[in-house]
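Starting from 1, each residue takes its place in the sequence as its number. Treat the numbers as computed from the prediction; the structure is a model and nothing was measured.
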Amino acid sequence: MQPGYPILSTIIALPLIGALMIVLMKRSQGAVIRWTALLVSLATFLLSMPLYSYFDKTTPDMQFTETHAWVPSWGVNYALGVDGISVLFVLLATLLSILCVTVSWNSITEKTKEFYAALLLIEASMVGVFGSLDLFLFYIFWEAMLIPMFILIGVWGGANRVYAAIKFFLYTLVGSVLMLVGIMVLYIHTGKSFDIVTMMTTTYPLHLQFMLFWAFFAAFAVKVPMWPLHTWLPDAHTEAPTAGSVILAGILIKMGAYGFLRFSLPLFPEATKAMAPAMMVLSVIAILYGGIICLAQTDVKRLIAYSSVSHMGFVTLGIFALNTQGIQGGIVQMINHGIVTGALFLCVGIIYERTHTRLIADYGGAATVLPVFASFFMVLTLASIGLPGTNGFIGEFLIILGGFSASKTMGALAALGVIIGAAYMLWLYQRVFFLDVSPKVRGLRDMDFREFLTVAPLIVLVLWIGVYPASLLRFTDASTQRIVERLNTAGHRQTAQQTSEAAK
C-alpha cells in the first residue's frame, strides 16, 4: 500500500517551491523568511514520513516509483523510487534540513533570504540523489547540490571560506566529470538507456567493468572522502557555517558511499571483487590516519571533521568487505554517523555563538556552567566511540565482524581504530567540559528551548537505534541480500571463466 500522491516528487518539489517563495521576498522580511523556511522543511519531513510507514521491508525492489518521459529522443526519463537503502537517507535528509533551519535562526543575520533559499535547494537535491532511478537525472541532482553548497561555504563561512569553497568545488567537480564519462559509456553500452534498474540486470565485460569502476570511483571516493582524497573535508567543515557542516557530515559525504552501493557493487561486481582488498587497505588507512590526526587537533570543529574521515573509513571497510554483515553495518553506520556527527556540529555551533572561538584551549569547565549542554554532548561522545546502548555500537560491530570475515588483519586494525576514537573523543570531552572553568565559558547561559529542540530529536534517535537497531536493519536486509547475491553470482561466473581458460 502506498500514499495516493507522488511522494518523492512532492518532497523534491516542496523545497524548490519554498526556495522560490523566499527569493521573491524582500530582504527586510527576515522573520517571514525564517518561518517560511521552517514551515517548508517541516512540511517536507511530514510528507516524507509515509516512506517509513508504508515501506515494504520484505522486498529489495524499488518502491514508490514514478516514471515520466522527459527527453524521449535521448532515452531520458524522470524516474524516481527508493529501496531499503535509499529510503533511510531520504528520511535523514528531510529531518536534518529542519534542524539546519532552526540552528541558523539567530546566527545568520546577513543575506538571510539567499541563505535559506540555498538550504532548501540543497534539501531538494539531496532527496533527488537518493530517489533517482535514471542515471541522467541522478547526475543532475548530484551536480545541482554542488552549487548551493559552494555558495553556503563561500558566503557564510569563516575567515578562509573562499579557499575552502574553491577547494571543495574543484575536488568534487573533477571527480564528477570522470563519472560523467563513465555514465556516457554505460549509456552507449546499454542501448542508449539511462535506466538504473535495467543497468543492474545487465552483465558487462570485465575490461569495461574495470574502466567504469575507476570512473565512478573518482566521484564517489572524493565525496566519501576516502584517503588520500580527503583533504577538502576538514577545510570545508571548519569554514562552513553550522548548517553547512551538518549537511556535509550528515548527508553529502554519505552520497559517495551510497554511490558505491547503488552503482559500483551491483553494476561492476567482478571489478569490485578484484579491487576490494585495495579498497579495504585504503579504508583502514583512513580509520587510523583520521583518528591519529584527531589527537593532534586544537580546533574542536576540525577535530570532529577529521573524525568523519575515520568514521567513513569504517563505512567503506564494511562496504568492500563484500559480505552481509559488512555491507549492512556500513549502511547503518552511514545513518548513525549522520545523526551523531550532525548533532556534534550542531552542538559546536551552539557554543560557538556564545564564545566565538573554536579553540579547545579556550574551553574548560563547561559542565559546571552548561549542564544540559554537557549532558547532550556526553551522549553524543559515547555514541561516537560506539558505546553499547548507543547507535554507534551496532554499525561498528557489524563492520568489524564483516571485516574479520573478509580479512583478519583488516578487522584487527579497524578494531584498533575504535580504541583511538575513544581516546580522542574522551580527551576532547575532558578538555572542554572538565578541568577549571575557563574565562570564555564563565557566565554563559545553557541551551534555550529552540536549541534544546534542535538537538533533542537526534539524541532520541541515538538512544532509540542503540536499544532497537532492528528499526534500521529491517529496512536494509532485503536490499543488502540482493547486492551480496549479485556479488556471489559474479564470483562464480569469474571462477567458471578462469576454469574454462585453464582447460583450454
Side-chain angles (χ1 to χ4, degrees), residues 1-26 29-55 63-66 68 78 80-82 86-108 112-132 137 141 144-145 148-149 152 241-244 246-247 250-252 335 338-339 342-343 346 449-458 460-461:
M1 184 178 179
Q2 297 187 9
Y5 61 94
I7 183 169
L8 290 172
S9 287
T10 301
I11 59 181
I12 291 172
L14 193 54
L16 293 176
I17 294 170
L20 179 61
M21 291 170 57
I22 289 173
V23 167
L24 296 175
M25 293 178 184
K26 296 179 180 179
Q29 296 177 294
V32 177
I33 291 169
R34 290 183 181 90
W35 279 105
T36 300
L38 178 59
L39 292 175
V40 168
S41 59
L42 183 60
T44 304
F45 174 69
L46 293 176
L47 287 172
S48 69
M49 288 308 294
L51 290 174
Y52 184 90
S53 55
Y54 286 96
F55 190 83
Q63 302 178 46
F64 308 101
T65 56
E66 48 186 293
H68 308 282
Y78 175 80
L80 299 173
V82 290
S86 52
V87 65
L88 297 174
F89 294 105
V90 172
L91 292 168
L92 181 62
T94 57
L95 173 61
L96 289 181
S97 296
I98 303 172
L99 307 183
C100 287
V101 173
T102 58
V103 78
S104 307
W105 202 263
N106 294 330
S107 59
I108 302 299
T112 309
K113 76 172 188 176
E114 290 87 349
F115 177 84
Y116 287 107
L119 273 185
L120 293 178
L121 288 174
I122 289 172
E123 179 178 12
S125 301
M126 290 189 297
V127 175
V129 165
F130 296 119
S132 295
L137 184 66
F141 282 122
M145 187 176 178
M149 180 57 70
L152 211 66
T242 300
V246 172
I247 292 171
I251 301 297
L252 189 138
I335 299 297
I339 293 169
L346 288 174
F449 186 63
R450 173 184 61 83
E451 293 165 339
F452 181 90
L453 289 181
T454 298
V455 183
L458 299 181
V460 171
L461 287 175

Minimum-distance pair of heavy atoms, taken over all atoms of L152 and A118: CD1-CB, 4.1 Å

Full working for side chain to side chain contact (heavy atoms under 4.5 Å, CB included) between T94 and L47: CA-CA 10 Å; T94 57; L47 287 172; over 6 Å; no

Side-chain heavy-atom pair I251, I122 within 4.5 angstrom cut-off: no

Gap between atom CG of L252 and atom CE of M126 - 0.5 Å precision: 9.0 Å

Counterpart residues, side chain to side chain donor-acceptor pair (under 3.5 Å), relative to S41 (two or more places apart): none

Closest contact, heavy atoms only, L8 versus F64: CD1-O, 3.6 Å

Separation between CE of M21 and CG of L16, rounded to the nearest 0.5 Å: 13.0 Å

Residue pair I247 / M145, side-chain heavy-atom distance below 4.5 Å: yes

Partners passing side chain to side chain donor-acceptor pair (under 3.5 Å) against Y52 (at least two apart in sequence or in another chain): none

Spacing of OH belonging to Y116 relative to CG belonging to L121, to within rounding of 0.5 Å: 15.0 Å

S132 to F141 - nearest heavy-atom pair and separation: OG-CD1, 3.4 Å

L453 vs T102, side chain to side chain contact (heavy atoms under 4.5 Å, CB included): CA-CA, chis, key distance, verdict: CA-CA 9 Å; L453 289 181; T102 58; over 6 Å; no

Which residues share a side chain to side chain contact (heavy atoms under 4.5 Å, CB included) with V23, sequence neighbours left out: A117

Those residues that, when tested against W35, pass side chain to side chain contact (heavy atoms under 4.5 Å, CB included) (two or more places apart): L38, W105

Separation of N106 CG from R450 CZ (nearest 0.5 Å): 4.5 Å

With sequence neighbours excluded, residues passing side chain to side chain contact (heavy atoms under 4.5 Å, CB included) with I335: L88, F89, L92, I339, L472

Flag side-chain contact, heavy atom, 4.5 Å: L346 against L99: yes

Contact summary for V40 and G18, nearest pair of heavy atoms: CG2-CA, 3.9 Å

For I12 against G128, the heavy-atom pair lying closest together: CD1-CA, 3.8 Å

Which atom of C100 lies closest to which atom of A243, heavy atoms considered: SG-O, 3.6 Å

Which residues share a side chain to side chain donor-acceptor pair (under 3.5 Å) with T242, sequence neighbours left out: none

Spacing of CD1 belonging to I11 relative to CG belonging to L51, to within rounding of 0.5 Å: 5.0 Å

Inter-residue atom distance I22.CD1 - I17.CD1, 0.5 Å rounding: 12.5 Å

By side chain to side chain donor-acceptor pair (under 3.5 Å) - contacts of S9 (at least two apart): E66, Y78

Stepwise side chain to side chain contact (heavy atoms under 4.5 Å, CB included) check, L95 with L458: CA-CA 9 Å; L95 173 61; L458 299 181; 4.1 Å; yes

Under the side chain to side chain contact (heavy atoms under 4.5 Å, CB included) test, residues paired with P15 that sit two or more places apart: T44, L120, E123, A124

